[in-house]
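Structure, as structure tokens:
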Amino acid sequence: MAEQPVGGVVAGTLDLLILKTVALEPMHGWGVGRRIEQVTGFRLKLGSLYPALERLEAAGEIEAEWRLSDNNRRARYYRLTAIGRKRLAAEIRHWRRRIDGILRLIEAT
Amino acid sequence: MILRWLTRLFRRRSALASRREELELHLIEEVDQLVRQGIPEAAARRRARLELGSPAVAVEEVGDLRPGALAEGLVRDLRQAFRSLRRSPGFTIATLLLIAVGIGASTSIFTLVDRVLLQPLALAEPDRVVRLFEASPERRIERTGVARGNLAEWRNRARQIKAMAAIYVMGRTVSDAGVAEVVPMAQVTCDFVAVLGVVPVVGRGFTSDECRAARYSNAAAPIGLDPVVMLGHRFWRRQFGADPAVLGRTLTIERRPFRIIGVLPPAADLVTPTAEGYLAWELDGELPRDQRYPAAIARMAAGVSLGAASAELQRIAADLGREFPETNAGWTVEAIGLEEHTTGGARPTLLVLLAGAGLLLLIACANVALMFSARGLARSHEASLHLALGAPRSRVLRRGLMEALMVGAAGGVVGTALAFAAVALVRRAWPDLPRASELAPDGTVIGFAVVVTLGSGILAGLAPAVQQARSRAIDAMSGGKRSIGDRPAARRHDALAIAEVAVTVMLLVGAGLLVRTVAGLRSTDPGFDPRDVLVAPVFLDGQAYRSGDASRTYYASLFARLRAIPGVAVVGGATTLPTSPLGPDFARPVWPLDRSGEREAVRHASVRIVTPGYLDALRIRVADGRAFDERDGPNGRRVVLVSEELARAIWPGRSPIGEQLVVDYSTAGTYPYEVVGVAGNVRFGGPRSEPLAEVYFSHAQRPYLILNVAIRTAPGGPLIDAAVRRAFQEIDPLKPAQGIHRLTDLVGATFLSERRAMQVLLGFAAAAVLLSMLGVYGTIAFRVREKAAEIAVRLAIGATPGRVVRWVAGECVRVFVVGGTIGVLGALVGGRYLSSLLYQVAPSDGAAIATALVVLGATMAGAAILPAYRAARVDPAATLR
């Protein structure tokens, strides 16, 4: 079983992961969780994922609507908004800078 | 931004419901996935739930992020608290009453203390106003009125005093369409209003012209032209319904029309608490220096201290003593701040009551804490479950606190209502409480009630709530009931119970001391028998009764009519009666004829003018000689009676009968009188006062217009009030009796403060005893339950129930001994503050302490019986299962 994200380490990145996931295509909650698990190996509990979704929704970075899913079930689909798009770009820039910095540190001899 | 927040707030419930649905669907998807992987449905469902968590909890987490989370949480807690309180009505009602009683008592007492002692007087710069008295230490005269001549001199000479006013209160007949009523009225000099620092509510004060025009006959009847009157606030409300159009109307006083020119505010009661109206007065004409009956107030100049003003006045008095040795030698001035004078007397009583109320509140809170603690412990099992299910600690804490606050708030509301009622009761039952007219609960009091409520609620609920939150989840797993006692809780319970016992002892001792004080006051021989005596004061006016004969005739026919009433044994009259505040009370210089001219031989004796039946009516004993009789009429020899005290002072060791006593009666002349009798000593001011030097004149020889008629009835007879009133009516319809009083009531009024304090403290003590009983019962019952397992084991291996009972008794005794000791020590320390109220009993009175301990011991024994019985009946098998 994948380990549970702990405290601040993944919390900071959770927003980024969710935003990126729905940027690719509108997705419902379960789908987002599964995609994140596939990519990062982290399993998200309901109590971790949905508060994050709530926050992003409150900030206006994603918006949702009820739709019928593939297997004919009701589901709430999330998609990225313009604000969300801007935030996503900013987050990616931010992380790139971080990683570049770390890589430079590691490769310095 | 704000708009979005608001819309989210209002859509909270539907949004959360929608979330819930979303989460359930998420779970279903996961289950589907697992089933597709080949896992059976039931197992898949379980696994999904385990791995992903509970939707319910997740929704809560989401809810916490939304606006209104806090409010919703609070509302939920409130509802839950309310429901759980409703399920245990006994607990809820008991704690509610406890808090209500504690708050009611402390709030009502605080209202009293605040209004009477703390709030500044409703005057302009109240610390500038002083009461002035004349005093003569060498004549053992403490505080008496200020002679008009002296007041005029002080006025002229004093630099530290800005202004002075004289006041004289006397009953006057006010009539309205044939119905007459005797009403106390104050004659005041012009600057009364300015000195006091009040502003008329309606109209104005007197002008100097009006004061100058005011004239009074020798018999104090108003005879000036176009006289004017100011109304007192109470009278204005009662007679005129507080109608501002009262200006210009007339009031008939002593058969003359007086123009109403103004109404004074209630603050005027500070100096003249009984006066219903104010007449103009001026210090002019003959100003005697030795008739010391008027009251005097003064306003000190700015920046002057009481000490400085006092010193100056005393210096002036000394100067006057040198300039006018006949009238002023040996006389000095006493100046007291008005605030101190009006409220100082009540201060000790009120502070004692405040302490008592505070202690009672402490006990109530302690009891409430005990009850919440026990409840909390009983439900710690439930709390542990909560924690195990993942509820945050703060929420569990909040629930417990919420219950305490709810009960506290409800108790506070009830308690405040009780306080309002109590204040109204006090106002009715304690009429001579200073500033009673200003008593009304207000914002400060409400604020105090709120603070005390929240404080006691929080204090009471805090410890148990913290305890609940600390309950370990593991306790829930192991079944809860088997917990072997919570050490901190048991210690806390003990401490609370001991504290309660200590405080109760203190209250009991205090109440006991006051009970003995009142009993002592009651049983002190006053020198007369006040039982079965009615008192009806009469104020004849000098207009209708101009001559001495008219006055004599009036009283003769009045007495004859009164004697004719069935049930009446003796009728007599006197200008002043012991303990009665009605009537002129003044002293004159007297000396034995054979020592005329010797300064040291002069004594000051209180003057009483009495009819022959008076001594008999009050059962004042005749120690020597005889009482007055028909011989002592206008044509007989000039005679007087003297009190034992006066006889002892002037003729120590021998009988004064037949001696000649010179009395300087001022305007009525100085003559020698033959002493024909000695009257027994009378405690004129009530049980605490010392007997006075008194000289009695025969009314037939000195027909004073004012007389207090005393009517002794046969014991056990019917009430004759109506018959008495009719007798007065028949003689002169415009001269009604100024009320009919029972002498026992008047005597009782002299130690009203002590009586009231005693009653209130007894009430507090009784409440404290009841509460302590509850507290002790609760503590012992809790211990028994706590030790149920241990007891069961002991019983199972052969201990007898007797031993168990003895163990319970032992616990009880321990609390009693420790608490009792602390309480007694506290009572000894606190008793010192009580000493100004006590009479003939020391603060460390053994009997009071012993009684307190016995009462407490008995109630504690009673409280412990039920738990002891239950402990002995513990069924080992059931408990150990």
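Note that the structure is predicted; figures quoted are calculated from it, not measured. In what follows, every chain begins at residue 1, and chains take the letters A, B, ... in the order their sequences are listed.
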Is R35(A) close to Q38(A) at the side-chain level, that is, under 4.5 Å between some pair of heavy atoms? yes
Given L88(A), which of L16(A), I83(A), I18(A) fulfils the side-chain contact (heavy atoms from CB on, under 4.5 Å) condition? L16(A)
By the definition side chain to side chain donor-acceptor pair (under 3.5 Å), identify the one residue from R55(A), R87(A), K86(A) that meets it with E61(A). R87(A)
Under a 4.5 Å heavy-atom cut-off, does chain B meet the side chain of A59(A), its backbone, both or neither? backbone
Given heavy-atom pairs under 4.5 angstrom as the criterion, report whether the side chain, backbone, both or neither of R34(A) touches chain B. side chain
Quick check on Q33(B): does its CD atom have over 12 non-hydrogen neighbours (other residues, nucleotides or ligands) under 6.0 Å away? yes
Chain A heavy atoms under 4.5 Å from D32(B): which part of the residue, side chain, backbone, both or neither? side chain
For the candidates G47(A), G31(A), G33(A), which exhibits the highest count of non-hydrogen atom pairs separated by less than 4.5 Å from chain B? G47(A)
